[in-house]
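Everything on this sheet refers to the single structure shown next.
Because the structure is a prediction, the values reported are computed rather than measured. So that the names make sense, note that chain A is the first sequence line, chain B the second, and so on, each numbered from 1.
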Amino acid sequence: MNFLSPWFLLGAALIVGPIIAHLIRRATRTKVIFSTTRFLSASPPKLDRRNRIQHPWLLLLRCLVVGALAMGFARPYLKQELPAINTATVPQSVVAVLDESASMQRAGLWDAARKKIYDLVDSLGPNDQFALVGVSGSVTHILTHDQWKQTGVGDRAVLVRSVLADRKPGWGPKNLDAAIETASTEWEQMSENVNAVTRKKIVVVSDFTASGQVAGLAGLNWPKGSEVNLETVTPTHAGDAGLQWLGWSESDTGLSLRARVVQSAKSTNTAMSVQLRDAATNEAIGDPQKLTVQAGDTQIVIVPVPTEAAKKPLRLDLSGDDENFDNTLWAVHPAPRDVTLTYYGGHAENDIKHARFYIDHAVAGWKDPIVHVTAGESASSASNAKTGSEFFVVAGPLDAAATETVRKKIAAGDFALVLLNDPKMVDTAAALAGESDWTALQPAQKNAMFGQINFQHPLFSLFSDPHYSDFTHIQFTQPQSVKLPAKTDAVVAAQFDDGSPAVLEVPVEKGRLIVWGSDWSTSVGNWVLSTKFVPWLESLVERAAGGAQRPVIAEVGDAARLMGGEPTQWRPLSAPEGAFQETTPTLPGVYQVKQGDTTHWVALQVPAAASNITPMPIETWEKLGVPLHAQPVTTATPIAAPIGEDQTAPKLEARQKLWRWMLLGAAVLLALESIYSLALARRAEHNTNEAAA
Amino acid sequence: MVAHTFTPAQGLDPQALFAIKDLELRARVVVEGLWSGLHRSPYAGFSVEFTEYRQYAPGDDLRFLDWKLLARSDRSYVKKFEEETNVRCLILVDTSRSMLFGSKGWTKADYARTLAATFAYFLGQQRDVVGLALFDSVVHDYLPPRWKPGHFRHMMAVLDRPPEGRETKLGEALDEVAKLCPKRSVVLVLSDFLAPVPEWDQALARLAAARHDVRCVQILDPAEINLDFGQAAVWEDMEGGRSVYIDPEQARAGYTAKFEAHQTELKAALEKRGIIRQIARTDEPLDFVLLELLQAGHARRAAARRRTQL
């Protein structure tokens, strides 16, 4: 038997106390009260022999109590596990989870992690099964069980080394729960190939920082005999400072970039500086900002960005930190989209009786998209090349050439809005829609309202919330509707209260044509004065511009989600122009993204959580029910288990928990001692009474 | 005079008697039993001094002969009770700490208080005047001898007070009693008389010299007589606070010798003063102690009368 804290055995020396107490004749404490001692002479006291022990059994019990307590505190363990697993006969199914997340980029971690894997593989027997998975955001199978099985016993260690030789840690988040769940499914595949009972083990090699995600392990069903070993690797430098992206700030003084410097609790470098650079050329922009961040503290830095520099991809570098993996932020300022709104109708800008006046005022001040309103009086103006998307508002009849031009634009993907301020406009709308048999329909009532609105339609989905779906106060004094043919692509988004179509949307190849059954003027209704007018127009123009603007800065693991599942091609900043690839990037940096015909810049950052290198407490795993200590799967004869790296004395002691039995024994002995002492006391009392009688 | 013999088994069991908590009731039980015993038992012969009639004995004063009875039944009886009712009696009860010892379940103080109550009740039945004085180092309670309604209850209340438990100073107490009660009386001293004789011998002599009829009842626990008590332990003196390790087996012989020497000295000192001494063991029936006390008093007066006639 060995002891983890042998110095507690010195406590066994307290046994001397009871022994002395039992050797020394206890001075009588009994007092007899007598009327007078005048006639009494003091009796010489009886002395026991020095070597005589009083109540030897009681002394034995007390000594055993002291001894059991001392042994319990000394934390005993047996080198020979009593209920040990016969590793020579029970094969192991081992799945190693190698942490490849961003925090493993720290110096010294990756080599240490690979060494752990190599040592693990070297300790496996010929009948043991092995698989290796890596996790950096997503889980990857580095070495499958089939590869292991197909490789000769002697070549397996070489295979693992060759697989890991050129491998580098990634930049994704530390999704340990997903990796361990994948590893547990590997067990099932392994058990299909092995009939015998196996000892299932998952070995997780990681730096186990608090940024690791393990919440998914709650409720996971662990097979009997399974075990999860946590192998921690430690970095060369204990501290780390990192940059976290906060966002852009626009104020009267200009554009600025906001970032947070996060200092770990064990950092020793407090003096640092940040420098803004051009991401493409690495040229410094402005002067570096010096800052002092204490250990465990955070500080927000605001870096002014010149207007010209904001148009280019940027990087913000942190210097003064030993660990560089999270010292760079990549930044792209989202450029506002330009939309050219071409107004057909020949109305003056300040003519409040027509739609132009209200459209001009509605779009003023929009930051994205930025709308440029122009008058489209002729076909030539419509055909001029303009940047960004185009949006057409047709408030007057078009000639044939203009109609053709606008129709082509719509077919190419632009949007057009036709205002039916006259029955003749129905023909224009039909021509733009490319349909025939549209006839003007005069509504039955002169004063019309919206009778039914399809809030599922994109034109009105903005108002689907009941708080905003009240259109009853909007009236049209000169409504104009369309009688649609039986076969048409037009979709009625809203109807007047007499059931006639009020708002139509017609898909024209890639673009859309919207037909509004009234003019936009205060003389024919109150729609343009409604609070719903501007939001409705903005959502429509935004659709014309390509929809809501997506963020251009995200973490590496969120790159695919950032693109919304649409086909996307990526080009790193350093790659030549046009060298787009469909592979989702896994490295932080600035990428040019191509979706359809449009391209824009996107910055991918190191996950912010990677900078949180606080160690994850072991209690977190225990709370989740992860079997950190193996349960025996067989009652094989005890064999000697060598104390190696994977079976250290504390682990053995923690597994055996012999101290519990020692303390239990001490408690039982104490109970016996109490009973025996009580019996002795009662006997002595009885004798005393008899003597007194 | 009828010869008197009795055994303790015939009297009231002290254990049963002391089970009665009320002191007055305890005294009644003893005295009523004694009276009933007098009417139906041979004890009637010797307790003539307190009966209404007794047979004429040579030397009796013929003035007290009941002539009418003689004429009626041809038997000569004297009526002595008329004379005895005028007895003044003062009962001194030792309430010191040493009296709190008891090995039988009751203490010497209990026994003394009961004996005092019994005697007071008995005398009260005879319409004698009875007083009470409780003492330890001083006389702390004193009721002068008198006969009046409620006096007996008052005495019971005084006797019922828990003793404060000071050390015994018998000599000083007796001197104080002599001052408190200058009129000639029967002084009944109930104490264990374990204090050294020289400490109180002179005071007792002064009390006797003041023509008091002093009678001493030495109340002793059986354990004090033969030391058949206790175990090898530290023994603590109830009064002096002296602690000494005593093994009764070893100390018994020496104790007995010293105790006997004390008793001898005590007896000599009392006899020298002509004082009646009676030993009352706390395991003895109380009524027997009372009877013995009365008998001793009668014998003493008879002897005195004989001495006078001679």
Problem - A:T36 and B:E239: side chain donor to acceptor below 3.5 Å - result: no
Handout entry: B:A195 versus chain A, the contacting section by heavy-atom distance below 4.5 Å
Key = backbone
Completion exercise
Shortest non-hydrogen pair, B:S98 vs A:S35, comes out as O-CB, 3.6 Å
Problem - Nearest heavy atoms of A:S41 and B:A251, plus distance in Å - result: O-CB, 4.1 Å
Problem - Greatest number of heavy atom pairs closer than 4.5 Å to chain A - which of B:T107, B:D192, B:L194, B:V244 - result: B:L194
Practice task
Enter the distance from B:S243:OG to A:F34:CZ here, rounded to the nearest 0.5 Å.
Solution key: 14.0 Å
Problem - Enclosure of B:Y142 OH (heavy-atom neighbours >12, cutoff 6.0 Å) - result: yes
Exercise for the section: Quick one: pull up CE in B:M238 and CD1 in A:I33 and give me the separation to the nearest 0.5 Å. Expected result: 7.0 Å
Exercise for the section: Below 4.5 Å from any heavy atom of chain A, which atoms of B:P196 appear? Answer side chain, backbone, both or neither. Expected result: both
Exercise for the section: Verify side chain to side chain contact (heavy atoms under 4.5 Å, CB included) between A:F39 and B:H262, making sure each step is shown before the conclusion. Expected result: CA-CA 9 Å; A:F39 310 123; B:H262 172 76; 3.7 Å; yes
Exercise for the section: Carefully, step by step, assess B:F229 and A:V32 under the rule side chain to side chain contact (heavy atoms under 4.5 Å, CB included). Expected result: CA-CA 10 Å; B:F229 167 76; A:V32 175; 3.5 Å; yes
Practice task
Would you name the heavy atoms of A:L40 and B:Y255 that are closest together and state the gap between them?
Solution key: CD2-CD1, 3.5 Å
Exercise for the section: Select one option (side chain, backbone, both, neither) describing which atoms of B:K104 are under 4.5 Å from chain A's heavy atoms. Expected result: neither
